[in-house]
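Take a look at the structure set out below.
From a predicted model like this one, the values you see are computed outputs, not experimental measurements. Chain A is the first sequence line, chain B the second, and so forth, proteins listed ahead of strands; every chain is numbered from 1.
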Amino acid sequence: MSQAKAVADSHDQPAFRYNAATAQKIELKWQKRWDEEGTFWAANVDGDLTDGKQEHAGSKTPYFVIDMFPYPSGKGLHVGHPLGYIATDVVSRYHRMKGENVMHALGFDAFGLPAEQFAVQTGQHPRVTTEQNIANMRRQLHRMGLSFDDRRSFATIDPEYMRWTQWIFSKIYDAWYDPEYQRADGGVGSARPISELITKFKSGKMDIPGHQEGTWDSMSAAEQADVLNEYRLAYISKSPVNWAPGLGTVLANEEVTAEGRSERGNFPVFQKELKQWSMRITAYGHRLIEDLDTIDWPDKVKMMQKNWIGESHGASVDFEVKTTDGIKDMEVYTTRPDTLFGATFSVVSPEHDLLAYVPAQWEAGIPESWKGGFETPRDAVKEYRRIAESKTAKDRVADNGEKTGIFTGLYATNPITGAQLPIFTADYVLMDYGTGAIMAVPGGDQRDYDFATKYGLPVIYTVKPLPDSGDDLSNYEGSAPFVSHDGIVINSSVDSTHVGGVALDINGQRVDDAVQTVIAWLEEQHIGKGTVSYRLRDWLFSRQRYWGEPFPIVYDDNDVPYLLPDSMLPVNLPEVPDYSPRTFDPEDSESSPEAPLSRNDDWVYVTLDLGDGPRRYHRDTNTMPNWAGSCWYYMRYIDPKNSKNLVDPAEYDYWLGPDHNKTAGKSGGVDLYVGGVEHAVLHLLYARFWHKVLYDLGYVSSSEPFHKLFNQGYIQAYAYTDERGQYVPAAEVEEVPGSGENGKEPEFTWHGKPAFREFGKMGKSLKNIVTPDDMYDTYGADTFRLYEMSMGPLSESRPWNIRNVVGSMRFLQRLWRNVINEDTGEVSVTENSPDGKTLKVLNRTIAEVTVEMENMRPNTAISKLIVLNNHLTTLDSVPRAAVEPLILMLSPIAPHIAEELWNRLGHDESLAHTPWPVADEKYLGVENVTAVVQVKGKVRGKLEVSPDIDPEELEKLALALPAVQDRLGGKPPRKVIVKAPKIVSVVPAVK
RNA sequence: GCGCGCGUGGCGGAAUGGUAGACGCGCUAGCUUCAGGUGCUAGUGAGCGCAAGCUCGUGGGGGUUCAACUCCCCCCGCGCGCACCA
C-alpha cells in the first residue's frame with residue numbers, strides 16, 4: 001500500500017479519526033444541506049431572485065466573482081481544471097463572511113466544434129451529448145463543494161439564452177458608429193441606432209456615398225441596404241476571409257495561428273473572397289486601448305490586447321502615378337512622414353489596384369534585377385502576383401528577411417520633392433494594412449534598406465543621431481538605416497523651384513517636431529493628412545457549422561437582408577438530416593463552404609410578415625461563432641430568467657454598474673474574473689467590444705465588462721516512459737529511494753523496470769490523469785481543495801505531485817483531533833480562556849491571514865493556519881476561543897470539515913455567513929520583540945527588548961554585546977544605525 | 001529580432017531593502033506497534049567542528065547601501081507573447 005493511501009485509509013485507525021470515509025460522509029451531508037437551505041443564493045434587489053432568508057440585497061455591498069465560462073467537454077475533468085474554480089470559491093466564501101452579497105454562479109458555453117464533432121462520432125444529436133456532458137461536469141463540480149447559486153446557471157444552447165444572444169446581434173446589426181457623437185461619459189464616438197444615420201442621409205446632413213445628395217427615398221431597398229451595410233456594426237463583408245477547407249468553415253483572424261493554420265485542428269487556412277458576416281470591431285480600436293487604463297488587469301494581458309489592436313499614428317500621403325489611363329492617385333501610409341525627403345522608391349502589395357495599369361514594355365535602361373527575367377512588366381507582375389497568391393498569409397514571412405519584388409514599370413511623383421520614384425510590387429507590403437502601398441525610405445527603415453540594397457536603389461538619410469548621443473551618421477552610411485526617432489532632421493528641403501516648398505531640416509529640428517510640421521504642410525496642400533492605422537481587422541462572425549446560434553436575418557428574393565423583429569426570436573436550430581460540416585481536402589483552396597443549415601428547405605424558406613404583408617424569404621444559413629455566447633454571459637447571471645430584458649437595468653446597476661462597490665471603480669463590471677491567459681485576445685477582446693456597444697446603446701451602465709482579471713497558472717504533471725519510450729501509468733511508478741539527493745536526478749521504476757520522467761500536461765495519452773473523483777475517493781474534497789490552494793501562488797504554473805497531498809490531509813486530521821476525541825468522537829475543547837501566548841499567536845494569525853486572503857494568496861494563508869493549528873496541538877487542551885476563529889478562517893478553503901466542526905461546537909447555523917474573525921489589536925502589540933544586531937550587515941546578536949525601547953538605550957545594549965565588542969577591536973564604531981526596536985546595524989571603524 | 005516574466009535546499013515553495021529557506025513533501029533518529037504503515041516527538045541549506053561557534057550560500061559578474069533574494073547595469077539559462085504592420 002502506498003503511503004499516501006495509508007493515511008487516508010480507515011483500517012486499524014481510531015474510530016473517529018478524520019479520514020477519507022469521514023470526509024465523504026460529512027461532505028455529502030453539508031452539500032445537501034447547502035442545497036436545501038439555499039446557503040449560497042445571491043439576493044437580487046427585486047423580483048424572483050430576492051432571497052427571503054437574507055437581508056435585502058440593497059443593504060449589502062455586492063461582490064461579483066466568476067470563472068471563465070467552462071466548455072463541457074466529453075472527456076470530463078482532471079485535477080488541473082478546477083484550480084480557478086476553487087480559487088474563486090475561496091474568494092466568494094471569504095467575501096460572504098465579510099458580509100457582502102456575493103454573486104457566484106456558473107453556466108456552460110455549450111455550442112461549438114468539439115461538441116459537434118463528438119456528436120458526429122457517437123451518432124447522437126449534439127444537444128443530447130452536450131447535455132450529458134454538462135450533467136457530468138455539474139456532478140464533478142458539485143462534489144467539490146463549490147458555492148454557486150445554482151438558480152442562476154444556464155447554458156448558451158438554452159433557447160431562452162440564445163434568444164438574447166440573437167437579440168444582441170440584432171442591436172449590433174441595427175447600429176452604426178458615429179465617430180462624432182458626444183457621449184454622456186465625456187468621450188467622443190458612439191454606437192448609435194442605424195435610424196439616426198438614415199435621418200442624416202435623408203436630411204442631407206451626411207452625404208450618401210456613391211449617390212446623389214437627398215436621394216435616399218428614391219433609392220431602391222437593395223441600394224439602401226448596400227449603403228447601410230457599409231456602416232452597420234454587424235455587416236456583410238465581401239472581402240478575403242480565412243477559409244479552412246479541412247474544417248469546412250471560415251475563421252476569424254484571432255483563430256488563425258502565426259503559421260497560417262487553424263487554431264483548432266491545425267488545418268491550412270486560405271484567403272478566399274466570400275460573403276460573410278463581420279463585426280466592425282475596428283471602430284472601437286482606440287477605445288479598447290484607451291479604456292485598458294480604467295481596469296485592473298495583468299499588464300501582460302493589457303499589452304497583448306494593445307499589440308493585437310496595434311494602433312499606430314502616422315499620415316496618409318497622395319502620390320500621383322502617370323499611367324496610360326491618365327494620372328492615378330496612389331495613397332501611401334507612413335508613420336514617418338518626416339522622412340518623405342528620403343523616399344527613393346515605392347512599393348505596393350501584389351493585390352494593389354494600381355497593378356492594373358502596368359505598362360506593356362520595359363523602358364530602356366532598366367536594370368535586369370528589377371525585371372526578374374521577364375520580357376515585359378505585365379508578365380513579371382502577373383507571375384509575381386500568382387506566386388504571392390499561392391502562398392498562405394504567413395508563408396510570405398517564412399524566409400524571414402529575404403525580400404523579393406519586381407519593378408512594375410510605373411513611377412510615382414514624390415509630392416514634396418517632385419522626384420520620380422520607381423514603383424515595385426513586393427509581398428512584404430500587405431494589402432490589408434494601411435493602404436497597401438508604401439513610400440520606401442531605405443535610409444530610415446530596415447526593410448526598405450534591405451530591399452534597396454538588393455535592387456541597387458539609392459539611400460538618402462534624412463535623420464542623423466543627436467549630437468550628444470556619441471553616435472554618428474558615418475556609423476550607418478553604407479551599412480544600415482538610421483531608424484531611431486531620436487535624431488535631427490537633415491537633407492530635407494526643396495529647392496525654390498518646387499511649388500509650396502517646405503523645409504524640415506532647419507533650426508536643428510528633431511523628428512517628432514518634423515512629423516507635426518510635415519503633417520500640417522500635407523493637410524494645407526491637400527495631399528495628405530494625419531491618420532491612425534490599426535493592425536486589428538474586423539471580426540469575421542459567421543461559421544458554416546450546425547452547432548451554433550442561427551442569425552436572426554432573412555433575405556428576400558433579391559438577396560436584400562432583413563432583420564427579424566424581437567418578437568420572432570429566438571430563431572431555433574432546425575432538425576437537419578446531417579449536422580456534420582461539409583469538410584474538404586485540407587489543401588483544397590478551391591473549395592467553398594457549405595452550411596449544414598442549408599440542408600433543410602422547410603426551415604430555410606419561410607413566409608413572414610415583416611410589416612409589409614406576407615412575403616417569401618430565405619434564412620441566413622450561417623451560425624455564429626462560439627464566442628458569441630461567451631461575450632455576454634456574465635450579465636445574464638444577474639437575471640437568468642428575464643424574458644423582457646437582456647438583464648433588468650436596476651439589477652445591472654446594483655451588481656455591475658460603475659461604483660457599485662469599492663473594488664470596481666468607475667469602469668464597473670465584474671469584481672473578479674479568474675481564468676487562463678489563453679483568452680487574452682479572443683474572448684476578452686470580443687466581450688469588451690460587445691459590452692461597449694451595449695453600453696453605447698444604453699443597455700448597460702458600465703463601460704467595461706470585467707474590472708479585475710486574474711490569470712491563474714496551470715497545473716502540470718509528470719509523465720513517465722519505459723525504455724522503449726512508451727508511456728506507462730504514472731500512478732504505478734515509484735521513485736528509487738534516496739536517488740534524488742545531493743543534486744542528482746531522481747530515478748524511477750515501473751514494476752521493477754526503469755522509467756523516465758518527463759514534465760508537461762495532464763492527458764489520457766500520457767497516462768498521468770488524476771481526476772477529481774480519484775481525489776474524492778482517496779482524500780475527500782476538502783483535502784483536494786486545500787492541496788490545490790497550498791501548492792504555490794495561484795498565478796504560477798506548478799506540477800501536480802500526488803505524494804504531497806498527504807500533508808494537506810494531515811493538517812485537517814490534526815485540526816479535527818484538536819476538536820474531536822478520536823476514540824470517543826466527543827468534542828474535546830475547553831471553555832477556559834486561552835493563555836497569553838495562544839492569544840498572541842491567534843491574533844497575529846487572524847491579522848496575517850486576512851491580508852493573505854485580501855491579496856488572493858491562499859498558499860501563505862494556509863501555512864499560517866497550520867502554524868496556529870500546530871501551536872494548539874502543543875496545548876494540553878484546546879480552547880474554544882482559539883479554535884473557533886481557526887475554523888472560520890479555514891472554512892473558505894475547506895468548507896465541509898469547517899462546517900462540521902462548527903456544528904459540533906454547538907452552532908446550528910451554517911458558518912457561511914458568520915463574520916470573518918477580527919484581530920484584537922491589544923494582542924498584536926507584543927510586549928517584547930527581538931532586536932537584531934548586525935555588524936557590517938551580518939547578524940551577530942539578538943536582544944529581547946521592549947517594543948518602545950529608546951533608540952539610544954538599544955544602541956548601548958547592542959554595543960555592549962561581546963560578539964559586537966570583539967568585532968570592533970576596541971575602536972569606536974564608525975557608524976551605528978538604529979531602527980528601534982527591530983535593528984541595530986554597527987559599522988566598524990576602517991582598519 | 002523586439003517586448004514581458006522567471007531563476008532560492010533533494011522537491012513544491014516563503015521572505016519585495018532589515019534574522020534567507022515560513023509551511024508542506026521527502027529524509028534521519030526516537031516513542032507507539034507483533035511487524036509494516038498510521039500517529040506522536042525531535043532534527044534536517046552546504047562545509048569545518050565533540051561543542052560553543054566559524055565560513056560559505058538565493059543562475060554568473062559588477063554596482064548602490066550600514067544592510068540586497070529584493071534596487072541598478074552587463075551576461076547566461078528557461079518560459080510566454082509578438083514578429084516584414086510601413
Task: A:Val984 side chain reached by A:Leu959 side chain, heavy atoms, under 4.5 Å - done: no

Provide the distance between the two [atom1] atoms, one in [N] and one in [M], to the nearest whole Å.
N      : M      : atom1 : answer
B:rA20 : B:rU44 : P     : 16 Å
B:rG39 : B:rG24 : P     : 13 Å
B:rC74 : B:rG1  : P     : 16 Å
B:rC72 : B:rC23 : C1'   : 33 Å
B:rG12 : B:rG61 : C1'   : 30 Å

Send over the distance from [X] [atom1] to [N] [atom2], rounded to a whole Å.
X        : N      : atom1 : atom2 : answer
A:Asp299 : B:rG5  : CG    : P     : 8 Å
A:Leu954 : B:rC66 : CG    : P     : 19 Å
A:Met303 : B:rA83 : CE    : P     : 15 Å
A:Asn870 : B:rC23 : CG    : C1'   : 9 Å
A:Tyr718 : B:rC25 : OH    : P     : 17 Å
A:Asn804 : B:rG10 : CG    : C1'   : 12 Å
A:Asp876 : B:rU41 : CG    : P     : 13 Å

Open item on the list: Defining pairs by Watson-Crick or G-U wobble geometry with both distances under 3.5 Å, how would you list the stems of RNA chain B with at least three pairs each?
Closed with: B:1-7 with B:76-82, B:10-12 with B:23-25, B:26-31 with B:39-44, B:45-48 with B:53-56, B:59-63 with B:71-75

Open item on the list: Base, sugar-phosphate or nothing for A:Thr860? Non-hydrogen atoms, less than 4.0 Å.
Closed with: sugar-phosphate

Task: A:Arg810 side chain, from C-beta outward: closest of B:rA86, B:rG10, B:rG39 - done: B:rG39

Open item on the list: What's the closest nucleotide to the side chain of A:Val806 if the choices are B:rC66, B:rC54, B:rC25?
Closed with: B:rC25

Task: Base B:rG39 paired with A:Gln813 side chain (donor-acceptor, <3.5 Å) - done: no

